Amino acid sequence: MSARLESAADTINVKISDRYLTNMIGRFLRPYWFQILLVFGMLIAVAAMSLVMPLLIQRAVDGPIRTGDLSGLIPYGLAYFSLILVIFAIRFAHTYLLQTVGQNALVNLRQELFEHIMRQDMRFFNTTPVGQLVSRLSNDIDALTELLSTSIVVLASNVVQLIGIVVVMLALNWRLALLSFLLLPLMVAVTVYYRKRIRAQSTRFHKLVGEYLAYINEQFNGMVIVQLFGQQHVSREGFRQLNQQYVDIHSRFRDYYTGYASWLQILTSVGLAIVLYGGGQGVLAGWATLGTLIAFMEYTRRTFEPINQLSEQIAQIQTAFSAGERIAKMLRVEPEITEAAQPLTLDERQRHSITFDHVNFGYEPGHLVLRNLDLYVPPGQRVAVVGATGAGKTSLAGLLARFYDVNEGRVLIDGVDVRAIGLADLRQYVTVVPQNPYCFDGTVADNLRLFDPTISEDKMIAAAKMACAHRFIERLPGDYNFELLPGGANLSQGQKQLLALARALIHNPNSILVLDEATSSIDTETEAMIQDGLVQVLHNRTSLVIAHRLSTIREVDRILVMKRGQIIEDGTHAELLALDGVYAQLYRRQFLELESA
C-alpha cells in the first residue's frame, strides 16, 4: 500500500505533554468546578469510611471475639453493614455526577473541535483524509469519554484511598506498615516501565484507526472504479495490510497488559506473604495483636488493590491521553486563509469589477499553476475562460473566492484586495458553482434553500425555473419534497449541476457568478433550454464562465484562452475566430465533432 500524504495535524512535531493535555481537558471541565468539588468530597468520604471497616474488624477480634462476648459483636456488625450501604449510595452518587459532568464537558469539546475543523481552508481538506477527521470526532472523543466517566473516578478514588491507608497503617503499627510498603517502590517501577510502552502503542493505534477509516471511505466512494477496472485484489491487499497492522498493535497491547497485570499479581501475593509472616512474628513477640494483623492484611490488600486496578485502567488512560494528544494537535492547526484584522466591506447592490494583478500561484511549492497573470474584468462584463485541462482555469475561481491565497501579486474586487475582505462577506460577493456539486441528505427544497427556512417557496421555484431545474424537479416523486440520498446519489450529474445553479441564484442573486464547467454534464436538449436562462442570469452581471463546451459561451462579452497558467488570447467570439488561433482551432474541432455525431 502506497504512503499517504501527511495531513496538517500529522506535520505538527511539537511534543504534546501530559500537563498540556490535562490543562486542555481542565479547560472544558472548569465550568463544572462545583460539581467536581462535590465529587471529590464524596471520594474523601468514601475513602474515610472504607478505612474504618478494617478497624472495626480489628476491634471486634481484639475485643468481643477474644473475650467470647458474642453480644458485643452486634454493634460492630451493624456498624459494618451500615457503612456498606452508605458507601454504596455515595459511590453511586459521585459516579453518576462525574459521568454527567464528563459528558457535558465532552459535548463542548466535540463542538469546539467540529467548529475548528469547519474554519480550516481548502488546502487542509485536500490533504486530510475524511477518515482522520471522523476518527478525531468519534473514536478519540469516545476514548476521552471513558477517561472522564470511568478511569478518572477509579484513579482519584484509589489515590485518596491509598493516602488514607498509609496514614492509618503508620498510626496503627509502624513496624507492620513498613513491611507492607516494602514492595511499593518495585510496583511503581514496573508501572512506569509499562506505562511508556502502552502510551506508545496507543499513539500508533489511533493513527492507524484514522488511516483505516480513510482507506475504507476512499475504497467505498471509489467502488465503481474498483469494479470497472477489476482492482478488487488491490483493495483486498491494501485492507489486509491495514488489518494486519491492527492485529499486531492489539497483540502488543495484550502482551504489555498481560505482563503488567502478572507482575502486579505476583508482587501483591509476595507482599501479603511478607506481612503475614512478619505480622505473625509480631503477634508471637507481643508488638502486634491478632486483630491488628488481620486489619493489616486487609489494609495491605487494599494498598495493592488500587495499584492492581491501575493495571486495568492504565491502558485506557494511556489510550485516552494518546487520543487527547491527536485532538490537541488538530486544535493547534491554524488555517492558512486568515481573516483581516479590520475587514473591509463592499456595496452588495452594485456590480463588481475583478482584477488579477501580477498573480503567481501554485498548489505545491515550486510548481506554479498561474504565472504572472494580469486580468481586469469591468463591472457587469461576462467573461468566458477556455483552455486545456491544467491550464489554470479553475484556479482563477479558487483565488477569487479565496479558497487559496496567491503566492505573489494580488486579487482585487472593486479595487480591494480579497485578503482585506471578511471571508463571510467575500462569499456573499463571489458565488462559485462547481463542476461537481454536492447534495446533502434531505429534500430537494432543503438543498436549494440550504436548510434556510426564511427563503420563500416562490423565490426557490423562480430560481429553479431560471436555472431550468424546475422541469425535472416536477417529474420527481414529491417534486420539491423528494428525498435525496447523501451526495445526491439518486440524481444524475446533470441534475445536480442544475440544482447547484439554482442554489446560487437563490442565495447570492447580485454576486459575481463563477460557473466552473457548471453545465458540463448537461445533455444537449437541456443545454439548449438553459442557454435562455443563462442569458437572463448573466445579463449585466460580472461573471466568469469556465467552459469546455464552446457552444455555451458564444454570447458572452469576452473570451479568454489560457495555456500553462497564462492568457494567450483575449477577445469576443467573432474576434477570436478571425484571429484564427487556438480558440478558432478548438471551436472548429468541436463543431466538426458535433457534425459527425
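All figures in this text were calculated on a predicted structure; none of them were measured in a lab. Residue numbers start at 1 and run along the sequence shown. Hydrogens, waters and symmetry mates play no part in the numbers below; they use all other heavy atoms, side chains included.
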Undergrad: Can you tell me how far CD1 of I44 sits from CE of M42, rounded to the nearest 0.5 angstrom?
TA: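 That separation rounds to 12.0 Å.
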Undergrad: Can you tell me if Q120 uses its side chain to pair, donor with acceptor, with the backbone of H116 under 3.5 Å?
TA: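 Pair found, side chain donor or acceptor close to backbone of H116.
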Undergrad: At their closest point, which heavy atom of R402 faces which heavy atom of L426, and how far apart are they?
TA: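 Reported closest heavy-atom pair: CB-CD2, 3.3 Å.
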Undergrad: Looking only at heavy atoms, which two atoms of A500 and P437 are closest? And how far apart?
TA: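 Nearest heavy atoms, A500 then P437: CB-CB, 3.4 Å.
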Undergrad: Go through it in stages, so that I can follow the logic: the residues are R110 and V107, the test is side chain to side chain contact (heavy atoms under 4.5 Å, CB included), and I'd like the CA-CA distance, side-chain angles, deciding distance and then a yes or no.
TA: CA-CA 5 Å; R110 191 181 291 110; V107 164; 4.3 Å; yes
Undergrad: In chain order, what residues pass the salt bridge (charged side-chain N to carboxylate O under 4.0 Å, His left out) check against D255, with sequence neighbours excluded?
TA: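 Expected list: none.
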Undergrad: Give a yes or no answer on whether the side chain of T127 reaches the backbone of F124 with a donor-acceptor pair at less than 3.5 Å.
TA: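 It does hold such a pair.
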Undergrad: I need the full list of salt bridge (Lys or Arg N to Asp or Glu O under 4.0 Å) pairs touching residues 114-133, with sequence neighbours left out, sorted by first then second residue.
TA: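 Every pair satisfying salt bridge (Lys or Arg N to Asp or Glu O under 4.0 Å) with a residue in residues 114-133: R123-E336.
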Undergrad: Does a side chain donor of either T145 or D142 reach within less than 3.5 Å of an acceptor in the other side chain?
TA: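 No pair is found: no donor N or O on one side chain lies under 3.5 Å from an acceptor on the other.
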Undergrad: Please check if the side chain of N243 supplies one atom and the backbone of F239 the other of a donor-acceptor pair under 3.5 Å.
TA: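 Not a single qualifying donor-acceptor pair exists.
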Undergrad: Keeping the roles fixed (side chain from N104, backbone from T100), state whether a donor-acceptor pair exists under 3.5 Å.
TA: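 A pair under 3.5 Å: yes.
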Undergrad: Applying side chain to side chain donor-acceptor pair (under 3.5 Å), name anything that partners E112, two or more places apart in sequence or on another chain.
TA: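 In terms of side chain to side chain donor-acceptor pair (under 3.5 Å), with neighbours along the sequence ignored, E112 is linked to R27.
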Undergrad: Please enumerate all residues that pass side-chain contact (heavy atoms from CB on, under 4.5 Å) together with S269, with sequence neighbours excluded.
TA: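 Per chain and number, S269 pairs via side-chain contact (heavy atoms from CB on, under 4.5 Å) with no residue.
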Undergrad: Holding to ring pair (Phe, Tyr, Trp, His ring centres under 6.0 Å), I want the full list of residues that pass it with Y480, two or more places apart in sequence or in another chain.
TA: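 Only H470 meet the ring pair (Phe, Tyr, Trp, His ring centres under 6.0 Å) criterion with Y480.
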Undergrad: For residues I74 and L78, determine if any side-chain heavy atom of one lies less than 4.5 Å from a side-chain heavy atom of the other.
TA: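 Side chain of I74 against side chain of L78, heavy atoms only: contact under 4.5 Å found.
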Undergrad: Measuring from atom CD1 of I117 to atom CG of L133, what distance do you get when rounded to the nearest 0.5 angstrom?
TA: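 Interatomic distance, I117 CD1 to L133 CG, rounded to 0.5 Å: 5.0 Å.
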Undergrad: For Y260 and Y193, run ring pair (Phe, Tyr, Trp, His ring centres under 6.0 Å): C-alpha distance rounded to whole Å, both residues' side-chain angles, the deciding distance at 0.1 Å, then the answer.
TA: CA-CA 9 Å; Y260 182 45; Y193 174 84; 9.6 Å; no
Undergrad: Does R419 have any salt bridge (charged side-chain N to carboxylate O under 4.0 Å, His left out) partners at least two apart in sequence or in another chain, and if so, which?
TA: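 Only D417 meet the salt bridge (charged side-chain N to carboxylate O under 4.0 Å, His left out) criterion with R419.
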Undergrad: Are R136 and Q132 close enough that some pair of their side-chain heavy atoms sits under 4.5 Å apart?
TA: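 R136 vs Q132: side chains touch.
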Undergrad: Between P335 and T338, which heavy-atom pair has the shortest distance, and what is it?
TA: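 Between these two residues, the closest heavy atoms are O-CG2, 3.4 Å.
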Undergrad: Over all heavy atoms of both residues, which pair between L176 and G278 is shortest? Give the atoms and the distance, please.
TA: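 Between these two residues, the closest heavy atoms are CD2-C, 4.4 Å.
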Undergrad: Angle between ring planes, Y256 versus Y194, binned at 30° and 60°: parallel, tilted or perpendicular?
TA: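 Perpendicular, since the angle between the ring planes exceeds 60°.
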Undergrad: Could you go through N447 and T443, starting from their C-alpha distance and side-chain angles, then the distance that decides it, and tell me whether this counts as side chain to side chain contact (heavy atoms under 4.5 Å, CB included)?
TA: CA-CA 6 Å; N447 276 271; T443 65; over 6 Å; no
Undergrad: Less than 4.5 Å apart, side chain to side chain, heavy atoms only: is that true for Y277 and L179?
TA: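 Sidechains of L179 and Y277: no contact.
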Undergrad: At their closest point, which heavy atom of I421 faces which heavy atom of P343, and how far apart are they?
TA: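 Nearest heavy atoms, I421 then P343: C-CB, 4.3 Å.
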Undergrad: How long is the gap from CG on D140 to CD1 on I327, to the nearest 0.5 Å?
TA: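 Between atom CG of D140 and atom CD1 of I327 there are 5.0 Å.
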Undergrad: Could you tell me whether the side chain of E339 and the main chain of L423 form a donor-acceptor pair under 3.5 Å?
TA: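 Side chain of E339 to backbone of L423, a donor-acceptor pair under 3.5 Å: yes, one is there.
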Undergrad: For atom CH2 of W287, decide whether the heavy atoms of other residues, nucleotides or ligands shown that lie under 6.0 angstrom number more than 12.
TA: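 Atom CH2 in W287 is packed in, count exceeds 12.
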Undergrad: Check this for me: does any side-chain nitrogen of one of R449 and D446 sit under 4.0 Å from a carboxylate oxygen of the other?
TA: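 No, this pair does not count.
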Undergrad: In chain order, what residues pass the ring pair (Phe, Tyr, Trp, His ring centres under 6.0 Å) check against F440, with sequence neighbours excluded?
TA: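 Expected list: Y438.
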Undergrad: How many angstroms lie between CD in E325 and CE in M24, if you round to the nearest 0.5 Å?
TA: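 Atom-to-atom, E325:CD and M24:CE are 10.0 Å apart.
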Undergrad: Taking only residues two or more places apart in sequence or in another chain, which ones pass ring pair (Phe, Tyr, Trp, His ring centres under 6.0 Å) with Y404?
TA: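 Scan of Y404 (ring pair (Phe, Tyr, Trp, His ring centres under 6.0 Å), adjacent residues dropped) gives F361, Y363.
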Undergrad: Indicate yes or no for a side-chain donor-acceptor contact from R175 to the backbone of G282 under 3.5 Å, with no hydrogens or angles considered.
TA: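 Pair absent, no side-chain N/O of R175 close to backbone of G282.
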Undergrad: Which residues pass the salt bridge (charged side-chain N to carboxylate O under 4.0 Å, His left out) test with R252, not counting sequence neighbours?
TA: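 So R252 forms no salt bridge (charged side-chain N to carboxylate O under 4.0 Å, His left out) with any residue.
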Undergrad: Got a sec, which residues hit side-chain contact (heavy atoms from CB on, under 4.5 Å) with A177, two or more places apart in sequence or on another chain?
TA: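 In terms of side-chain contact (heavy atoms from CB on, under 4.5 Å), with neighbours along the sequence ignored, A177 is linked to M169, L170, F181, F296.
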Undergrad: May I ask you to decide if L346's main-chain N or O and Y429's side chain share a donor-acceptor pair within less than 3.5 Å?
TA: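 Yes.
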Undergrad: For the CG atom of L29 and the CG atom of N108, what is their distance to the nearest 0.5 Å?
TA: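 Answer rounded to 0.5 Å: 10.0 Å.
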Undergrad: Return a table of donor-acceptor pairs under 3.5 angstrom between the side chains of residues 86-99 and protein atoms on other chains or two or more places apart.
TA:
from	atom 1	to	atom 2	distance (Å)
T95	OG1	R91	O	2.8
Q99	NE2	S149	O	3.4

Undergrad: Please assess L106 against L144 for the test side chain to side chain contact (heavy atoms under 4.5 Å, CB included), listing each intermediate value before the final yes or no.
TA: CA-CA 8 Å; L106 290 175; L144 290 179; 3.9 Å; yes
Undergrad: Has R204 got a side-chain atom pairing as donor or acceptor with I249's backbone, closer than 3.5 angstrom?
TA: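 Not confirmed, R204 side chain does not pair with I249 backbone.
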Undergrad: Can you name the side-chain contact (heavy atoms from CB on, under 4.5 Å) partners of F114, sequence neighbours left out?
TA: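 Partners of F114 by the side-chain contact (heavy atoms from CB on, under 4.5 Å) criterion, ordered by chain and then number, come out as M118, L137.
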Undergrad: Check this for me: E457, atom CD, are more than 12 non-hydrogen atoms of other residues, nucleotides or ligands nearer than 6.0 Å?
TA: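 No, because the 6.0 Å sphere around CD of E457 holds 12 heavy atoms or fewer from other groups.
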Undergrad: What's the spacing between N490 CG and L484 CG if we round to 0.5 Å?
TA: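 Going from the CG atom of N490 to the CG atom of L484 covers 5.5 Å.
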Undergrad: Can you find a heavy atom in the side chain of R427 that is under 4.5 Å from one in the side chain of F403?
TA: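 Of all side-chain heavy-atom pairs linking F403 with R427, at least one is under 4.5 Å.
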Undergrad: Could you report the tightest heavy-atom contact between L21 and A328, atom names first, then the distance?
TA: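 That closest heavy-atom pairing would be CD2-CB, 3.9 Å.
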Undergrad: Judged by atom type as modelled, is there a donor-acceptor pair below 3.5 Å linking the side chain of R503 to the main-chain atoms of L450?
TA: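 It does not hold such a pair.
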